Visitor: 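Below you'll find the structure I mean.
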Amino acid sequence: MSDVMQASPVAAQRENRQVKLVKMAGFGAGERSTVAISVATALAILLLWWLVAALGIVPHLFLPRPDEVLTQIGVIYRDGYAGASLSEHVAASLFRIVVAALIAISAGIPLGLLMGLNRWAKGVLDAPIEFYWPLPPLSYLPLMIIWLGIGETSKITLLVLAMFAPICLSAQAGVRSLPIERVNAARSLGASRLQLFIDIVLPSALPEILTGIRIALGVGWSTLVAAELIASTRGIGFMIMSASQFLATDVVFVGIAIIAACAFTFSAAIRFLETYLVPWKGKL
């Protein structure tokens, strides 16, 4: 009885102790937002640009001030450029990018998943993709003109080739990175091949696929100027190349700013899809 009486105060003290939660140390960039840092960096770049242009460190012909570029945007929006309005130039480029992206996604994802699941598909498709993927689009641009003419088909095909490879290779990498333990666990529970693909393979590969789409869209926008070299009369890339021939540097900067804004919007949309479709990314 005395042992119980002596032990009870100790047990009571243990129960009264508050549980302390230990937060694990973060790694890498962490989870805190970097928006403020990015905004400050952008403002610093704009300030540096304005100082360099205002002080005449770089001749005005080659580097206009930021306010002059903004003024030129208003002029092009009001009067158009090269016989077309600003909206027509943007719409033409968006049409080419969107159509090419849809074709590249609809072809790249299935083929990439097939390459990750089947060794014969990987052996057949890997060599041609790896052969043309490092080539700059300007190297096979003449072939597009010879084979497909100077219409929209050659422009869209050039963009599709530029965007297809990163999507396909990312889908393949997503399948190849799937832990075999997850597959064996599903098999042990009686999952069929279709269930294994839909519930295990596809969700595991989805983060890599979305990353590949983001990379592909960036490659597509960088290829746009080359694609619109093919007998174009509309498009942001055409506007940039036409302005460069007349040393209209402010118009060139306008085109670059529009492409950057469009590319950022597309990338932000993919990031939003990532938070919705793969909320577990980076947390497992």
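Quick caveat: nothing in here was measured; it's all calculated off a predicted structure.
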Visitor: Are Phe272 and Ile105 linked, directly or through other ILVMFWY residues, by side chains that come within less than 4.5 angstrom of each other?
Guide: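 Different clusters: Phe272 never reaches Ile105 through Ile, Leu, Val, Met, Phe, Trp or Tyr contacts under 4.5 Å.
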Visitor: Can you see which heavy atom on Ser204 is nearest to which on Arg182, and at what distance?
Guide: OG-NH1, 2.9 Å
Visitor: What donor-acceptor contacts under 3.5 angstrom involve side-chain atoms of residues 259-268, with partners at least two apart or in another chain?
Guide:
residue : atom : partner : partner atom : Å
Thr265  : OG1  : Ala261  : O            : 2.8

Visitor: So, for Gly174 and Ala205, which heavy atoms are closest and what is the spacing to 0.1 Å?
Guide: C-CB, 3.7 Å
Visitor: Can you tell me how far apart CD1 (Ile146) and OG (Ser154) are? Round to the nearest 0.5 Å.
Guide: 11.5 Å
Visitor: Could you tell me which non-hydrogen atom of Met144 sits nearest to which non-hydrogen atom of Leu158, and how far apart they are?
Guide: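 So the minimum-distance heavy-atom pair works out to CG-CD1, 4.0 Å.
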Visitor: Take atom CG of Leu102 as the centre, draw a 6.0 Å sphere, and report whether it contains more than 12 heavy atoms from other residues, nucleotides or ligands.
Guide: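 Yes, enclosed.
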Visitor: So, do Glu130 and Leu169 sit near enough that their side-chain heavy atoms are less than 4.5 Å apart?
Guide: yes
Visitor: Enter the distance from Leu202:CG to Leu178:CG here, rounded to the nearest 0.5 Å.
Guide: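 Nearest 0.5 Å value for the CG-CG distance: 11.0 Å.
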Visitor: List the atom pairs, donor and acceptor, that lie under 3.5 Å between side-chain atoms in residues 74-86 and the rest of the protein, sequence neighbours left out.
Guide:
residue : atom : partner : partner atom : Å
Tyr81   : OH   : Ala243  : N            : 3.4
Ser85   : OG   : Ser87   : OG           : 3.0
Ser85   : OG   : Glu88   : N            : 3.3

Visitor: Given 3.5 Å as the limit, does a donor-acceptor pair link the side chain of Tyr140 with the main chain of Leu161, or not?
Guide: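 Side chain of Tyr140 to backbone of Leu161: no pair is present.
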Visitor: Between Ala92 and Arg234, what is the shortest heavy-atom contact and its length?
Guide: CB-CB, 3.7 Å
Visitor: For the residue pair Thr233 and His89, what are the closest heavy atoms and their distance?
Guide: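 Shortest heavy-atom separation between Thr233 and His89 comes out as O-CE1, 4.0 Å.
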Visitor: How many angstroms lie between atom CD1 of Ile240 and atom CD1 of Ile256, to the nearest 0.5 angstrom?
Guide: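 Here the rounded value is 5.5 Å.
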Visitor: Identify all side-chain donor-acceptor contacts of residues 44-66 below 3.5 Å with residues at least two apart in sequence or on another chain.
Guide:
residue : atom : partner : partner atom : Å
Trp49   : NE1  : Pro64   : O            : 2.8
His60   : NE2  : Glu68   : OE1          : 2.7
His60   : NE2  : Glu68   : OE2          : 3.0
Arg65   : NE   : Asp67   : OD1          : 3.1
Arg65   : NH1  : Glu68   : OE2          : 3.4
Arg65   : NH2  : Asp67   : OD2          : 3.2

Visitor: Do you know the tightest heavy-atom contact between Leu210 and Glu274?
Guide: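 Leu210 and Glu274 have their closest heavy atoms at CD1-CG, 3.6 Å.
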Visitor: Sequence neighbours left out, cut at 3.5 Å: what donor-acceptor pairs do the side chains of residues 220-231 make with other protein atoms?
Guide:
residue : atom : partner : partner atom : Å
Ser222  : OG   : Gly218  : O            : 3.4
Ser222  : OG   : Val219  : O            : 2.7
Thr223  : OG1  : Val219  : O            : 2.7
Glu228  : OE1  : Ile236  : N            : 3.3
Glu228  : OE1  : Gly237  : N            : 2.5
Glu228  : OE1  : Phe238  : N            : 3.0
Glu228  : OE2  : Ser93   : OG           : 2.8
Glu228  : OE2  : Arg96   : NH1          : 2.7

Visitor: Using distance only, find each side-chain donor-acceptor pair of residues 109-124 under 3.5 Å and give its atom names and separation, not counting sequence neighbours.
Guide:
residue : atom : partner : partner atom : Å
Asn118  : OD1  : Trp120  : N            : 2.8
Asn118  : OD1  : Ala121  : N            : 2.9

Visitor: Report yes if some heavy atom in the side chain of Ser170 is under 4.5 Å from a heavy atom in the side chain of Thr211; otherwise report no.
Guide: no
Visitor: Suppose clustering is done on Ile, Leu, Val, Met, Phe, Trp and Tyr with side-chain heavy atoms closer than 4.5 Å. Which residues sit in the same group as Ile156?
Guide: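 Reading the cluster by chain and number, Ile156 sits alongside Phe95, Val99, Ile103, Val160.
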Visitor: In Å, rounded to the nearest 0.5 Å, how long is the span from OG1 of Thr157 to CG of Leu148?
Guide: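 It is 5.0 Å, given to the nearest 0.5 Å.
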Visitor: Rounded to the nearest 0.5 Å, what's the gap from CG on Leu141 to NZ on Lys155? Could you check?
Guide: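 One gets 10.0 Å once the value is rounded to the nearest 0.5 Å.
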Visitor: I need the Ser177 OG to Gln172 CD distance, nearest 0.5 Å.
Guide: 10.5 Å
